[in-house]
There are 2 protein chains.
Amino acid sequence: MQTFTEENYLKTIYKLSAEDASVTTNQLAATLQTKAASVTDMLKKLAEKKLIDYVPYYGVTLTEIGKKIAVDVVRKHRLWEYFLVEKLKFKWDEVHEMAEELEHISSVVLVDRLDQFMGYPAYDPHGDPIPDKHGRIKQQEFKPISQLNVAEGGVISGVREHSPAFLQYLEKLNLMLGNQVKVIEILAYDQSVVLTVNQSENRISISKEAAKNILVSA
Amino acid sequence: MQTFTEENYLKTIYKLSAEDASVTTNQLAATLQTKAASVTDMLKKLAEKKLIDYVPYYGVTLTEIGKKIAVDVVRKHRLWEYFLVEKLKFKWDEVHEMAEELEHISSVVLVDRLDQFMGYPAYDPHGDPIPDKHGRIKQQEFKPISQLNVAEGGVISGVREHSPAFLQYLEKLNLMLGNQVKVIEILAYDQSVVLTVNQSENRISISKEAAKNILVSA
DNA sequence: ACAATTATTTAGACTAATCTAAATTTTTAT
DNA sequence: ATAAAAATTTAGATTAGTCTAAATAATTGT
């Protein structure tokens, strides 16, 4: 059994591993809002428990056991988010903090029963895939709007940024999951993207940054 | 904001206060499965925070603020138990441990939304009243089977003991909430009670101890 | 009433997680 | 190649919650 804190470290290492194979102390400190010295201490402890492979000054990767625990926390987080939005009718920008607590509830049978109750959803309210009880994850083939060319489009299927501010911004522009977008123009000087939503007449313009953080499927 | 541990102390003081006005160090140590010395330390801390009134060597009572927090934890515990049984279809003897964790999820709006989702239930799966969002509790007028005379009866409405073993025992005897019982005989030598359930022919016999722990309403 | 027992508190220590400041290692730039 | 900068680790301290052992207070039994 791991503590709340250990689970948060494992989850964060897991998420950062998607970007770089090996995760560094400073990356973890920044993400976990703590100090590098604290991270070093925890990494030693997790390595001691064989949950990570840790090479001082180089970086850290998850062991199979560590990865299992991390995926499990992610599964719980996303299932609870789905519950909060679909059953309790919270908005997609309201659920992250609550799920950060709920993801540490330990009972395995509880989360499996919750999964069943909701009909085994495959994606959470932000389009992230929900691992099944064996840790298997449906591989997404989404790409950011920033990679579309003019006249190309797709269905909004996920986001890469989960801050309430960003999610509220998307809601205001009607850039919600399931909506169809089409690129009308990419402005040369700042790569900002002009697009339409659901065949509407309205053209909306989003920054290159925003375009990178909205994922579409073909 | 209180820690998990502080909340458990407050909740336990609250529950023990129902039996004795003032709660002692050893009572708390026994209930919380810890040592008297640890309890003393925590009581000093809670008194410092004005959540309890603590008189060394005498005992402890909750302040208004402390009581508010305790009732809130109890509310969350009972609502989550109701959720686990009514929505996720757990049995009444399976939910206590899970609710012990869920009761510490901090979001107030989450628990209120959960309450709404379930239609504002008044009692949890063990017949205990669920405080409303203002902390108001429906006063029960239940009495234990041990206080019934021969030929008297009532509807099973609650239990005073929540261990899985006791709950499973009740289930096996069909002594479930809502069922009608009637006292046929009280054996003189050990006060054990013979009764019928739902007008059935079957007579079942329960110990005086068990009879004390099953609550009926008229 | 007072000795013995029981309950409670105090003293001092431990673990987990964190911090600051200093030391060390690695990387980068010339 | 090596000095400066950046990243990381080590050392030592802090807080929350817990413990054991010792000291003190309250209660009980004769």
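Every chain is numbered from 1 and lettered A, B, ... according to where its sequence line falls, protein lines coming before strand lines. Note that the structure is a prediction, hence the values are computed from the model and not measured.
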Partners of B:V74 by side-chain contact (heavy atoms from CB on, under 4.5 Å), sequence neighbours excluded?
B:K11, B:Y14, B:K15, B:R78, B:P131
Sequence neighbours excluded, the answer for salt bridge (Lys or Arg N to Asp or Glu O under 4.0 Å) partners of B:E161 is none
Applying salt bridge (Lys or Arg N to Asp or Glu O under 4.0 Å), name anything that partners B:K49, two or more places apart in sequence or on another chain.
B:E6
Distance in angstrom units between [X] [atom1] and [N] [atom2], rounded:
{"X": "A:N26", "N": "D:dT8", "atom1": "CG", "atom2": "P", "answer": "4 Å"}
{"X": "B:K44", "N": "C:dT8", "atom1": "NZ", "atom2": "C1'", "answer": "11 Å"}
{"X": "A:L46", "N": "D:dT9", "atom1": "CG", "atom2": "P", "answer": "13 Å"}
{"X": "A:Y58", "N": "C:dT25", "atom1": "OH", "atom2": "C1'", "answer": "16 Å"}

Between C:dA23 and A:Y57, is there an OP1 or OP2 to side-chain N/O distance shorter than 4.0 Å?
no
Donor-acceptor contacts under 3.5 Å from residues 31-38 of chain B side chains, at least two apart:
unit_1: B:T31; atom_1: OG1; unit_2: B:Q27; atom_2: O; d: 2.8

Below 30° counts as parallel, above 60° as perpendicular, anything between as tilted: where do the rings of A:F83 and A:F117 land?
tilted
Does anything in residues 9-19 of chain A reach DNA chain D, meaning a heavy atom under 4.0 Å, and if so which residues?
none
May I ask you to list the residues of residues 27-43 of chain B, by number, that have any heavy atom positioned under 4.0 Å from an atom of DNA chain D?
B:T34, B:K35, B:A37, B:S38, B:D41, B:M42
All side chain to side chain donor-acceptor pair (under 3.5 Å) counterparts of A:S157, not counting sequence neighbours
A:S217
Suppose we screen for side chain to side chain donor-acceptor pair (under 3.5 Å). Which residues come up paired with B:H126, at least two apart in sequence or across chains?
B:E81
Could you go through residues 136-146 of chain B and list every donor-acceptor pair under 3.5 Å that involves a side-chain atom there, pairing it with any protein atom two or more places apart or in another chain?
unit_1: B:R136; atom_1: NE; unit_2: B:D132; atom_2: OD2; d: 3.3
unit_1: B:Q140; atom_1: NE2; unit_2: B:G127; atom_2: O; d: 2.7

Quick check: on DNA chain C, is the nucleotide nearest A:T5 upstream (toward 5') of the one nearest B:V55, or the reverse? Name the residue that is more 5'.
B:V55
Assign each of A:P56 and A:F4 to its nearest nucleotide of DNA chain C by heavy atoms, then name whichever residue's nucleotide is nearer the 5' end.
A:F4
